[in-house]
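Following: one structure in structure tokens, then a few remarks.
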There are 2 protein chains.
Amino acid sequence: MSRAAILRAAERIFAEKGLAGARTEAIARRAGVNKALLYYYFRSKDALYLAVIEEHLKEFETQALEILKASGSARARLLSYVSMHFDFVSAHRFFPILLQRTMLTGGPALNRLRRRWAWPVMRRLVELIEQGVREGELRAVDGGHTLMSLISLTVHYFAAAPLIRVVGGFDPYDEKRLAERKSAVLDLVRFGLFRHPEERVE
Amino acid sequence: MSRAAILRAAERIFAEKGLAGARTEAIARRAGVNKALLYYYFRSKDALYLAVIEEHLKEFETQALEILKASGSARARLLSYVSMHFDFVSAHRFFPILLQRTMLTGGPALNRLRRRWAWPVMRRLVELIEQGVREGELRAVDGGHTLMSLISLTVHYFAAAPLIRVVGGFDPYDEKRLAERKSAVLDLVRFGLFRHPEERVE
DNA sequence: ATAAATTAACTATCTGGTTAGTTAAATATG
DNA sequence: CATATTTAACTAACCAGATAGTTAATTTAT
């Protein structure tokens, strides 16, 4: 379907060049359609950008809430959230980059971000962390800042991918590297936050 | 001096809109000069962008190397590096945003980044971490990923500032918030990496 | 005076968006 | 069933406004 092809192409080009830097012509070419078709399916360049972001956010929100609503200890749920978040962004190559761009530039896309992620997911995460602290599973950390740290650890690696490629001389999306990174993150979460890091977590 | 005014204006506008999104006319207006003057002092829009980045990177490199070359235990040097890095990015509002944009988009600015920061500073940091591990001050962590984590924790807060403003409803650059964030980061570094987090560090 | 700093006015090119129309399939009609 | 009509998907060609960059002239400082 052409509509889907446009979305996939737009996703890539917006991630590479940003909203302002992306050329609608380039998106059309990569999608293999005429430029006018972008405007047939989407009102404008901005609307297309929003559609791309919204699509991912919706999927992310679903997966995130599923995990956050599950039962289990605060520690276990926290680890499984971080794990899911990491897997999601590593499977959707362009998603974290688009989000990062959105955060930097602001604009209407920031509102989607707030509605579909910040509001429902982040609130629950903060509650989860605070619960963990109350119940003595986590050290006495601040909910908001800890959340910020978790997201940083998970996401920034992907947002820095081009630099990693140039400096490290390897592909950050390589299976092995991804696995290493993920375990480094989970490990740091454990030792940085848990009161008894060595303990098994159920 | 007009040249400096142009650099300051460019820094702000590039940070807000990105290289592609920034309008040379807007930079000139903010600097209070005629647009042609940008081209008198700088070859092109790209050259101006590079000049802005280079300026900050040079200053950052100097400060970073100074700390990294100092003597002291691995733990102490690590903490003081993180502290310095945090202070630097919080004092240069637009710097982390520009870096983030550079990392996302690549281009020639990525090379400056590699030469002035990645190569001299990061290499020393990895060595520092590995030394800390060998001497038993740090847990057995991977140098590269740990470095990545440190940078993420320090920088991502600033790269997410617009979202924080909208979601958290507060100014992330407020003195109090900055202090909170900094101590949250240093705290997480201690507990996440040090073998004896509670110990005093000299 | 003369060189450096600065500008108003200009241009070539690019780019988001439009328009007017085509094709093929679905749907109504007689 | 066959034909007319509508609808959905799609395109080539175009356009007005914007934008990076230039030029030639003017002002300022030494």
Side-chain angles (χ1 to χ4, degrees), chain A residues 1-56 94 97-98 101-102 104-112, chain B residues 1-56 94 97-98 101-102 104-112:
Chain A
M1 197 186 173
S2 287
R3 201 192 127 97
I6 291 171
L7 277 172
R8 275 202 310 280
E11 179 189 336
R12 184 190 201 99
I13 306 247
F14 280 139
E16 279 169 3
K17 313 272 185 176
L19 172 55
R23 300 293 143 226
T24 54
E25 181 58 45
I27 294 174
R29 205 181 323 128
R30 173 154 260 138
V33 302
N34 187 281
K35 187 176 60 141
L37 202 59
L38 308 197
Y39 294 88
Y40 175 74
Y41 285 114
F42 307 92
R43 202 160 305 147
S44 63
K45 194 190 187 188
D46 295 78
L48 175 56
Y49 187 80
L50 284 179
V52 170
I53 293 229
E54 183 76 16
E55 203 194 19
H56 283 124
F94 303 116
I97 297 175
L98 288 170
R101 290 210 128 98
T102 300
L104 291 175
T105 307
L110 201 59
N111 269 313
R112 307 277 166 123
Chain B
M1 198 186 172
S2 287
R3 200 192 127 97
I6 291 171
L7 278 171
R8 275 202 311 279
E11 178 188 336
R12 184 189 203 102
I13 305 247
F14 281 138
E16 278 168 5
K17 314 271 187 177
L19 173 54
R23 299 294 141 225
T24 54
E25 180 59 45
I27 295 174
R29 205 182 321 128
R30 173 153 259 137
V33 303
N34 186 280
K35 185 178 61 140
L37 204 57
L38 308 197
Y39 293 87
Y40 176 75
Y41 285 113
F42 306 92
R43 203 161 302 146
S44 63
K45 195 190 185 188
D46 295 77
L48 174 56
Y49 187 79
L50 285 179
V52 170
I53 294 229
E54 183 76 16
E55 202 195 19
H56 282 123
F94 303 116
I97 297 176
L98 287 170
R101 291 209 127 99
T102 300
L104 291 176
T105 307
L110 202 59
N111 268 313
R112 307 276 165 125

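None of the values given here were measured: they were computed from a predicted structure. Residue numbers begin at 1 in each chain, while the letters A, B, ... track the order of the sequences. Atoms considered below: every heavy atom in the structure, side chains included; atoms not considered: hydrogens, waters and symmetry mates.
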Restricting to non-hydrogen atoms, name the atom on B:K45 and the atom on B:F14 that form the minimum distance, rounded to 0.1 Å. O-CZ, 4.0 Å

Shortest non-hydrogen contact between A:A20 and B:G21, atoms and distance: CB-CA, 3.5 Å

To the nearest Å, how far apart are [X] [atom1] and [N] [atom2]?
{"X": "A:I6", "N": "D:dA9", "atom1": "CD1", "atom2": "C1'", "value": "10 Å"}
{"X": "B:E25", "N": "C:dA9", "atom1": "CD", "atom2": "P", "value": "13 Å"}
{"X": "A:L38", "N": "C:dG17", "atom1": "CG", "atom2": "P", "value": "10 Å"}
{"X": "A:I13", "N": "C:dG16", "atom1": "CD1", "atom2": "P", "value": "11 Å"}
{"X": "A:R3", "N": "D:dA8", "atom1": "CZ", "atom2": "P", "value": "15 Å"}
{"X": "B:K17", "N": "D:dT19", "atom1": "NZ", "atom2": "C1'", "value": "15 Å"}
{"X": "B:Y39", "N": "D:dT23", "atom1": "OH", "atom2": "P", "value": "13 Å"}

Straight-line distance of [X] [atom1] to [Y] [atom2], nearest 0.5 Å:
{"X": "B:K17", "Y": "B:R23", "atom1": "NZ", "atom2": "CZ", "answer": "9.0 Å"}
{"X": "A:N34", "Y": "A:S2", "atom1": "CG", "atom2": "OG", "answer": "10.5 Å"}
{"X": "B:I6", "Y": "B:I27", "atom1": "CD1", "atom2": "CD1", "answer": "9.0 Å"}
{"X": "B:E55", "Y": "B:E11", "atom1": "CD", "atom2": "CD", "answer": "7.0 Å"}

Of B:A20 and A:V33, whose nearest nucleotide on DNA chain D comes first from the 5' end? A:V33

Set out, in order, the CA-CA distance, both residues' side-chain angles and the distance that settles side chain to side chain contact (heavy atoms under 4.5 Å, CB included) for A:T102 and A:I53, then state yes or no. CA-CA 9 Å; A:T102 300; A:I53 293 229; 3.1 Å; yes

Would a 4.5 Å heavy-atom cut-off, applied to side chains only, mark B:F42 and B:L7 as touching? yes

Contact check, side chains of B:Y41 and B:L48, non-hydrogen atoms, under 4.5 Å: no

Show the distances under 3.5 angstrom between N or O atoms of the protein and N or O atoms of nucleotides 25-30 of chain D.
none

Is the phosphate of C:dT6 approached by B:N34 (side-chain N or O, under 4.0 Å from OP1 or OP2)? no

Write down the protein N/O and nucleotide N/O pairs, taken from nucleotides 2-5 of chain C, whose separation is under 3.5 Å; answer none if there are no such pairs.
residue: C:dA5; atom: OP2; partner: B:Y40; partner atom: OH; Å: 2.8

Apply side chain to side chain contact (heavy atoms under 4.5 Å, CB included) to residues B:Y39 and B:T24 and explain how you reach the verdict. CA-CA 10 Å; B:Y39 293 87; B:T24 54; 3.5 Å; yes

Please enumerate all protein N or O atoms sitting under 3.5 Å from an N or O of nucleotides 13-15 of chain C, with distances to 0.1 Å.
residue: C:dT15; atom: OP1; partner: A:R23; partner atom: NE; Å: 2.8

Side-chain donor or acceptor of A:R101 paired with backbone N/O of A:A15 under 3.5 Å: yes

